[in-house]
Amino acid sequence: MTVMSYLGAIGAAQREAMDADERVIIIGEDVEANVYGTTGGGKSRSDKGDFLQRYGKNRIRNTPISEEGIVGAAAGAAMTGLRPIVDLSYSSFLYMAMDQFVNQVAKNRYMFGGQASMPVVFRSAMFYGLNTGAHHSDRPYPMFMNVPGLKIIAPATPADAKGLLRSAVDSDDPILSFEACLLWSSKEDVDENEFWVPLGVARTARVGTDVTVVAISSSVPEAVAAAEELAKEGVSVEVIDPRTLVPLDRDAILRSVAKTGRLVVAEPAHRTCGAAAEISALVAEEIFDSLKAPIVRVTAPDMQIPFSPSLEKQMYPTKATIAAAIRRVVDLPALQPVAAAV
Amino acid sequence: MAELTRDTLREMQLRMLRIRAFDERASKMVKRGHIPGTVHTSIGQEAQVVGATMALGAGDYMSGNHRSHGHPIGKGSPLGPLMAELVGKATGVCKGKGGSLHLADFAVGSLGESGIVGSSIPIANGAALSSKVLNNGKVALAFFGDGAANQGVLYESMNMAGVWDLPMIFLCENNQYALSTPAHTVTSGIISERAAGFGMPGIRVEEGQDVLAVYDAVSEAVARARAGDGPTLVEVMTYRYNEHSEGLRLGTDYRNADEREAWLKKDPIMLFRHYLASQGFSDDELDGLEATALAEVDAAVAFSDASPYPDLSVAFDDLYTDKESAA
Ligand SMILES: Cc1ncc(C[n+]2csc(CCOP(=O)(O)OP(=O)(O)O)c2C)c(N)n1
Ligand SMILES: [Mg+2]
């Protein structure tokens, strides 16, 4: 075990994957100079050019700023023997390549009757909460959940970032990894040996009996903090981190809610048609009779991300808004007016 | 011009005949409701398709577009599974999941046809990137129309292929119309000349109905790619005889009848037949090729007719590598 940051763990996974298989390449804007911190050293952001020296220009490739061309080329490369990891930097840039994601990456295996293999990972960082304005702050994973054929991961801890990325690189299905910048510097003990976190298996971040909080990405640590606070008042909160959004570990969610009878879902994406909406619908459809209280979603509202820090910090689930939602489902009086984001 | 064996010359004519016979049959089958949806035929463009596909090696890759039957046929795909795919049978080359717009036969390097105009160009570029990284000597070719030549992704791809010296051929099938729109009304300048902006050779084959002219131009581009000298843009001037898609009846006459007549006089199959006759092929032999192509199409239809439709139980197959993820 060694202490790794979330970003360092991603770098470590990339290094392991590059070492393990010659067919793995990394392409993206500014990857050669390690601008985004995952093509450098193993533990933290380190010397620039580290991967470039180690693996050479054939396997570490700077691209032009041509997202559509990059994503399509990565798909074509994956169909013909490579296993590319594509660093798309900001998740808002995925829109530039929407046609390639939806019409080629997601559809080719099915459309061609299984002839195409699509072993490619598209990594992008969600830069929300950092006052970068509306164009750089998106959390677009729900719209990709609506595209059959893609698999989607959203790690919330350094260990999951490392283990899920290894599984993603080894998968013959296309994977989109949505990483949260707010988590980049979070640290924990991570196995420095190779390990794989299986896709489609949720993690129970905290065990509890009264309420289930399903939390996604940076909402996970907020949910755990809220759970700890409520524990002091005698409310036992279970926190489930799906980790993989497609395929979703439905059983883990249903098992937990069947046990607790109460569900709060917290995520940083927009409210309408978000992952929280899907998870809520799943529980309502499958185990309605187990519910002791209405489901509550804690999400970002359906609006643009404002620049000013005083406005932006209200946008995403926090310990306080998640705690308020938990109070609601267990019928505790609210401590303070429930914030707009609930 | 390359010295071609008699076998190669014969094969060129046979593949052009196969495409014509296949598409003429497909057109009929659409009109009779035997093929669901619609098809886009390559009738009239056979020289351009066969000249390009036969310039590629067996292991080379290609991607294509909606006008898509000719590409795999030109690359040597057997006709039965292609026809079964058009009909939607379980024995189709894509198990009935793709249809006319999405033929693919990875066994011959056909990485798939795209219904989205321009969308498959970067797929071939990626195949060329594979070849480069894996150093396996393969080249890749993207077929696209004059209409697709105005999609931005082409230029992203040309730039990437140029800067990375990819073994890549961008092949523009300029049949002078994108659906009802004459290319010159929406295209600034000459498509092949755009190559200069990316520091790559741009070649226009004016005699695109001459299979040997196309073959020579593409062969040169393939040789350059294989030698590590990077990509080429080849624009081939050609003409489609049929409507944009079968069964489409447009109210306006956007093409003029004289123009069509003039192109019919340069029919690629007829031209090449004359050439082959001048090279000592007998009438019997040339008639025989036509009969062979028709018989192959008959057999393909019979194969399709005898094949079952896919069972509902396979509907989710190949969505993901594992069945559990498709729930
Ligand atoms: C992105 C996109 N836009 C529009 C269409 C509708 N469409 C299908 S084929 C076509 C014309 C394409 O012309 P061209 O690329 O020259 O190919 P051709 O049909 O002439 O072979 C159009 C407009 C489409 N399928 N995809
Ligand atoms: Mg055209």
Side-chain angles (χ1 to χ4, degrees), chain A residues 22-25 27 57-59 61-84 96-97 99-100 102-120 148-151 171-174 199-200 244 246-248 250, chain B residues 61 63 85 92-99 101-107 109-112 114-116 118-136 138 140 152-161 163-164 166 316-322 324-327:
Chain A
E22 294 250 296
R23 298 168 302 172
V24 178
I25 63 168
I27 65 173
K57 265 188 177 286
N58 200 35
R59 294 177 66 203
R61 279 177 187 262
N62 267 2
T63 61
I65 304 169
S66 304
E67 284 77 10
E68 190 179 1
I70 295 166
V71 171
M79 288 160 67
T80 53
L82 292 181
R83 307 185 75 85
M96 297 296 292
D99 170 57
Q100 291 301 316
V102 177
N103 284 314
Q104 303 291 336
V105 173
K107 291 179 185 168
N108 279 0
R109 168 183 286 278
Y110 187 82
M111 210 160 67
F112 302 146
Q115 295 181 83
S117 237
M118 198 60 83
V120 52
L150 304 177
K151 288 185 175 176
S171 165
D172 283 336
D173 291 314
L199 301 173
T244 304
V246 180
L248 188 65
R250 294 178 171 85
Chain B
Y61 298 115
S63 69
E85 187 62 34
V93 69
C94 302
K95 302 181 189 163
K97 304 280 181 67
L101 283 158
H102 304 304
L103 293 181
D105 187 353
F106 280 46
S110 149
L111 298 178
S114 168
I116 308 296
S119 183
S120 67
I121 295 169
I123 299 294
N125 222 29
L129 174 62
S130 277
S131 309
K132 176 103 183 172
V133 172
L134 299 170
N135 195 21
N136 61 19
K138 296 182 178 195
V153 74
L154 170 61
Y155 302 101
E156 292 191 3
S157 299
M158 284 174 66
N159 180 55
M160 237 183 283
V163 79
W164 285 344
L166 297 184
F316 286 90
D317 286 5
D318 299 318
L319 177 55
Y320 295 102
T321 48
D322 57 319
E324 303 72 52
S325 294

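Proteins get letters first, then strands, A, B, ... in listed order; numbering begins at 1 in each.
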Inset, instruction - Mind listing the closest non-hydrogen atom pair of A:G69 and B:P122 along with its distance? - result: O-CB, 4.0 Å
Legend entry - Heavy-atom closest contact (B:F316 atom, A:Y110 atom, distance): C-CE1, 4.4 Å
Legend entry - Residue A:K107 versus chain B: region with a heavy atom under 4.5 Å: neither
Inset, instruction - Give, as side chain, backbone, both or neither, the part of B:L103 having an atom under 4.5 angstrom from any heavy atom of chain A. - result: backbone
Legend entry - Selection from A:I27, A:T63, A:L150 maximising heavy-atom pairs under 4.5 Å formed with chain B: A:L150
Inset, instruction - Just give me the residue among B:L129, B:L166, B:V133 that pairs up with chain A most often, heavy atom to heavy atom, under 4.5 Å. - result: B:V133
Legend entry - Minimum heavy-atom distance between B:C94 and A:M111, given as atom pair plus value: CB-O, 3.4 Å
Legend entry - Exercise: identify the closest heavy-atom pair between A:T80 and B:G126: OG1-O, 4.1 Å
Legend entry - Heavy-atom pair count under 4.5 Å with chain B, highest-scoring of A:D99, A:V246, A:D172: A:D99
Inset, instruction - Can you tell which part of B:Y320 gets under 4.5 Å to a heavy atom of chain A, answering side chain, backbone, both or neither? - result: both
Legend entry - Among B:I123, B:L111, B:D318, side chain to side chain contact (heavy atoms under 4.5 Å, CB included) partner for A:N108: B:I123
Inset, instruction - Pick one of side chain, backbone, both or neither for B:D317, based on which atoms fall under 4.5 Å of a heavy atom in chain A. - result: backbone
Inset, instruction - Below 4.5 Å from any heavy atom of chain A, which atoms of B:A127 appear? Answer side chain, backbone, both or neither. - result: both
Inset, instruction - Select one option (side chain, backbone, both, neither) describing which atoms of A:P148 are under 4.5 Å from chain B's heavy atoms. - result: both
Legend entry - chain B contact via A:S171 - side chain, backbone, both or neither, heavy atoms under 4.5 Å: neither
Inset, instruction - Using atom types as modelled and distance alone, determine if a side-chain donor or acceptor of B:N125 lies under 3.5 Å from a backbone N or O of A:A73. - result: no
Legend entry - Partner set under salt bridge (charged side-chain N to carboxylate O under 4.0 Å, His left out) for A:R59, not counting sequence neighbours: none
Legend entry - Exercise: identify the closest heavy-atom pair between A:R61 and B:K132: NH2-CG, 3.9 Å
Inset, instruction - Using non-hydrogen atoms and a 4.5 Å limit, figure out which bit of A:V71 sits close to chain B: side chain, backbone, both or neither. - result: neither
Legend entry - Residue among B:E85, B:K138, B:K97 with most heavy-atom pairs under 4.5 Å to chain A: B:K97
Legend entry - Portion of B:L319 that has a non-hydrogen atom of chain A nearer than 4.5 angstrom: both
Inset, instruction - Might you point out which heavy atoms bring B:M160 and A:I70 nearest each other, and give the distance in Å? - result: CE-N, 3.5 Å
